[in-house]
Protein chains: 4
Amino acid sequence: MNDSRTRILDAAEALFAETGYEATSTARIALAAEVPKGLLFHYFPQKLDVLLTLIDERTAIEEPPEEPLPPDPAGALRRLASRLPLRASPSMRRILFREADTHRTARERITALNRELVRRARRALELTLPGARGDAARLEVAAATFAAVLLYQENLFHLTGDRIDPDALADLITRALM
Amino acid sequence: MNDSRTRILDAAEALFAETGYEATSTARIALAAEVPKGLLFHYFPQKLDVLLTLIDERTAIEEPPEEPLPPDPAGALRRLASRLPLRASPSMRRILFREADTHRTARERITALNRELVRRARRALELTLPGARGDAARLEVAAATFAAVLLYQENLFHLTGDRIDPDALADLITRALM
Amino acid sequence: MNDSRTRILDAAEALFAETGYEATSTARIALAAEVPKGLLFHYFPQKLDVLLTLIDERTAIEEPPEEPLPPDPAGALRRLASRLPLRASPSMRRILFREADTHRTARERITALNRELVRRARRALELTLPGARGDAARLEVAAATFAAVLLYQENLFHLTGDRIDPDALADLITRALM
Amino acid sequence: MNDSRTRILDAAEALFAETGYEATSTARIALAAEVPKGLLFHYFPQKLDVLLTLIDERTAIEEPPEEPLPPDPAGALRRLASRLPLRASPSMRRILFREADTHRTARERITALNRELVRRARRALELTLPGARGDAARLEVAAATFAAVLLYQENLFHLTGDRIDPDALADLITRALM
DNA sequence: TATGAATGAGCTTTCATTCAT
DNA sequence: AATGAATGAAAGCTCATTCAT
């Protein structure tokens with residue numbers, strides 16, 4: 001139901017990801033969505049509302065899952081690395097990172113994502129390396145580093161082309177704490 | 001001499017950094033540079049040329065310095081972290097990262113920066129940790145991780161607000177290799 | 001209905017005829033048509049489309065009529081001369097000839113007009129001068145000459161101011177073939 | 001001597017012929033002439049002066065030659081047809097005809113050319129067909145027709161592509177008067 | 001909801017022309 | 001005579017947005 005609205009958002013998602021928000025005209029969105037130009041403004045009074053709606057409805061920071069973590073630190077980090085706690089299509093991820101510079105809403109999502117990622121990494125390390133708890137500061141740095149690399153990959157990998165193997169990363173971080 | 005051209009580039013640099021390339025009109029650039037609109041196109045036939053010229057003339061990947069590295073790995077990494085091998089103002093850095101998604105020239109600079117950064121980190125670790133040379137793969141991951149965090153900071157720090165202490169990072173990486 | 005589009009074409013037709021395509025600005029067309037500047041580009045994405053549409057919609061090469069020709073050659077040519085097989089206003093005719101040099105579409109129309117004109121003249125002479133059929137080459141030259149003078153008048157008369165009387169022309173051509 | 005001025009005129013001649021006066025910018029002329037933009041305006045205060053100078057200096061209507069005409073009418077016309085009494089390069093001829101619609105100076109040259117052409121044709125026919133002198137009106141039409149076809153060829157031949165053989169034309173006109 | 005014509009501000013770019021050197 | 005930076009009006013065109021139907 002409400003086919004048009006969805007088609008508009010689909011088209012905008014694809015175009016924003018490819019060309020960027022500013023360089024995408026509402027006319028092009030309507031054309032790609034096969035919807036009359038006027039209808040776009042029926043659902044989204046301003047062009048900006050299309051972007052905000054996309055971020056609002058098509059990106060979400062996930063809660064940590066219920067399943068128990070693997071007992072070893074490398075395994076725990078590896079599982080974390082296997083999937084960012086961000087429910088969003090590849091297109092939406094690109095949009096989120098690209099527009100974060102200029103749009104608060106996108107920036108807030110990324111901040112939340114970063115925070116959640118660090119929190120999970122910290123918790124995973126705390127649980128699997130009880131001995132390391134003594135040095136809380138070092139553990140924090142390890143968690144932040146882990147999160148930074150994952151977000152770096154998400155954001156800049158398609159630019160630099162070099163990818164860090166998640167397993168090797170998990171292994172590296174673990175070693176630093178033992 | 002050639003005051004106007006410089007003023008145009010200065011104005012563009014500031015505005016592109018603040019608002020992004022697409023959202024900055026040539027009229028605003030000319031106004032900020034206090035030159036007539038037409039003059040901008042005398043020096044830069046297309047708006048895009050302003051951006052490309054900025055990247056070309058105001059960003060450069062530095063060659064590694066001559067000075068000897070500190071003998072300890074943490075110290076060597078720390079010195080590396082203290083300054084990216086990128087000769088560019090803070091504004092130009094923002095522009096470089098923001099436009100990398102859509103402009104090949106910017107993307108190539110970042111790729112080169114990443115490569116140079118990894119190369120230096122690798123070399124620093126090889127020289128200061130001769131024993132680690134045995135495990136080349138792990139050393140490579142360590143170098144890449146180090147570079148990733150530095151670029152992540154450069155790119156996303158002003159978004160997430162969390163900063164990883166470079167000294168602690170250097171320490172962490174070093175530990176993982178011992 | 002669709003008043004604006006027609007008004008734009010009307011205004012363009014008048015202005016192109018008077019000043020030429022290149023020297024007529026879209027702003028002047030919109031002003032003369034009493035429509036906002038933007039609307040012109042709603043109907044015609046490029047300025048050139050206005051010209052091409054005019055040529056396409058407002059000039060047409062006519063098919064020969066059904067009515068029987070007068071039995072005598074001079075009469076037959078005279079009727080031909082009385083009306084070019086070109087359905088187009090005087091303004092459109094001027095535009096067609098003036099822009100033929102630089103626009104293929106206009107050139108093609110004139111070529112078609114020339115061909116049709118020669119074809120009709122040849123046929124008129126063949127039918128009314130059965131005896132002349134023997135010298136096909138001379139008849140062809142006569143037809144081509146007749147067509148050339150008519151198109152010359154159309155194109156250059158308002159320049160030179162001298163007009164050849166069509167009846168006298170028909171008479172002259174006929175005499176040459178007897 | 002005065003190389004620059006000549007180079008500007010040469011470049012303008014080529015460009016006006018190819019693209020038309022309006023569509024040729026002074027910058028393009030200067031570029032093609034390999035002359036600084038400012039210099040053009042030193043020699044020609046206005047762009048229009050370039051065109052007027054070209055017409056003034058590089059087109060001229062020729063006086064009739066001294067040599068005696070061939071004694072037969074077809075031969076006399078044939079010689080006339082072999083060369084228009086217009087001293088001008090092919091480029092200048094195109095410019096003359098193309099700009100005649102909008103520039104009085106060009107129009108006046110063509111009018112003069114037409115008049116001279118008719119005058120010569122009339123005189124040729126009078127001299128070689130003394131018997132025809134009786135019907136002055138018919139002779140006038142013949143001369144005008146002859147001139148019209150020659151100018152038509154000059155102006156529209158490269159458009160329609162069909163060329164009337166001058167010998168056959170001379171023959172046709174002659175026959176009509178006998 | 002749906003439609004696409006209408007609007008006008010603003011965009012990038014072009015241009016003829018000026019002028020200090 | 002030579003030069004190219006400077007000027008600003010105006011060009012073609014794009015755009016988000018409105019609105020009558």
Side-chain angles (χ1 to χ4, degrees), chain A residues 1-5 8 21-31 34-50, chain B residues 1-5 7-8 22-31 33-50, chain C residues 1-5 7-8 21-31 33-50, chain D residues 1-5 8 21-31 33-50:
Chain A
M1 73 216 101
N2 207 338
D3 198 19
S4 296
R5 204 186 99 109
I8 291 170
Y21 170 76
E22 284 290 346
T24 303
S25 72
T26 53
R28 244 182 111 204
I29 297 172
L31 191 75
E34 292 179 274
V35 142
K37 258 194 300 219
L39 194 55
L40 192 149
F41 288 89
H42 174 73
Y43 290 111
F44 309 100
Q46 307 222 67
K47 184 189 171 187
L48 185 56
D49 295 325
V50 179
Chain B
M1 73 210 102
N2 209 339
D3 198 18
S4 297
R5 203 188 101 109
R7 291 239 300 284
I8 291 169
E22 285 289 346
T24 303
S25 76
T26 53
R28 252 184 99 204
I29 296 172
L31 193 72
E34 294 179 274
V35 301
K37 266 186 302 191
L39 192 54
L40 192 150
F41 291 91
H42 176 70
Y43 289 108
F44 309 100
Q46 308 221 59
K47 183 190 171 186
L48 185 56
D49 295 325
V50 178
Chain C
M1 71 206 106
N2 209 340
D3 197 18
S4 298
R5 203 186 102 108
R7 291 238 300 283
I8 291 169
Y21 170 76
E22 285 289 347
T24 303
S25 75
T26 53
R28 250 184 101 204
I29 297 173
L31 193 73
E34 293 178 277
V35 300
K37 266 185 301 189
L39 192 55
L40 191 149
F41 293 92
H42 177 69
Y43 290 109
F44 308 100
Q46 308 219 59
K47 183 189 172 188
L48 185 56
D49 295 324
V50 178
Chain D
M1 73 217 103
N2 208 338
D3 197 20
S4 296
R5 204 187 100 107
I8 290 169
Y21 169 76
E22 284 289 346
T24 302
S25 72
T26 53
R28 244 182 109 203
I29 297 171
L31 190 76
E34 293 178 272
V35 141
K37 260 193 301 217
L39 194 55
L40 192 148
F41 288 89
H42 174 74
Y43 290 111
F44 309 99
Q46 307 222 66
K47 183 188 171 188
L48 185 56
D49 295 325
V50 179

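Everything numeric here is computed off the predicted structure, so don't read it as measured data. Chain naming here is simple, since letters A, B, ... match the order of the sequence lines and numbering starts at 1 in each.
Both Phe44(B) and Gly38(A) sit near DNA chain E, but only Gly38(A) has its closest nucleotide nearer the 5' end. Between Leu40(D) and Ser4(B), the one whose closest nucleotide on DNA chain F sits nearer the 5' end is Leu40(D). Across the interface with DNA chain E, nearest-nucleotide mapping of Ala27(B) and Val35(C) shows Val35(C) to be the residue nearer the 5′ end.
Considering all non-hydrogen atoms of both residues, Lys47(C) and Glu22(C) come closest at NZ-O, 3.6 Å. Nearest heavy-atom pair, Leu40(A) versus Ile29(A), reported as atom, atom and distance to 0.1 Å: CD1-CG2, 3.8 Å.
The partner of dA1(F), taking Watson-Crick or G-U wobble pairs whose two distances both stay under 3.5 Å, does not exist in any strand shown. In this structure dC15(F) sits in a base pair with dG8(E), meeting the Watson-Crick or G-U test at under 3.5 Å.
Contact annotation for Tyr43(D): backbone-only contact, meaning every heavy-atom pair under 4.0 Å involves sugar-phosphate atoms and none involves a base. If you check every strand for non-hydrogen atoms under 4.0 Å, Thr26(D) touches a base.
Checked against dT7(F), dT17(E), dT12(E), the side chain of Lys37(D) finds its nearest nucleotide in dT17(E). Nearest nucleotide to the side chain of Lys47(A), out of dA2(F), dA16(F), dT12(E): dA16(F).
In this model, the phosphate group of dA2(E) is not approached by any side-chain N or O of His42(A) to a distance below 4.0 Å at OP1 or OP2. Between Ser25(D) and dT14(E), a side-chain N or O to OP1/OP2 separation shorter than 4.0 Å is absent. The side chain of Gln46(D) places an N or O atom within less than 4.0 Å of a non-bridging phosphate oxygen (OP1 or OP2) of dT17(E).
With contacts defined as side-chain heavy-atom distances shorter than 4.5 Å, the pair Ile8(A)/Arg5(A) does not qualify. The side-chain heavy atoms of Arg28(C) and Leu31(C), taken from C-beta on, include no pair separated by under 4.5 Å.
What separates CD of Glu22(B) from C1' of dA16(F) is a distance of 15 Å, to the nearest Å. Following rounding to the nearest Å, Phe41(B) (CZ) and dT12(E) (P) show an atom-to-atom distance of 7 Å.
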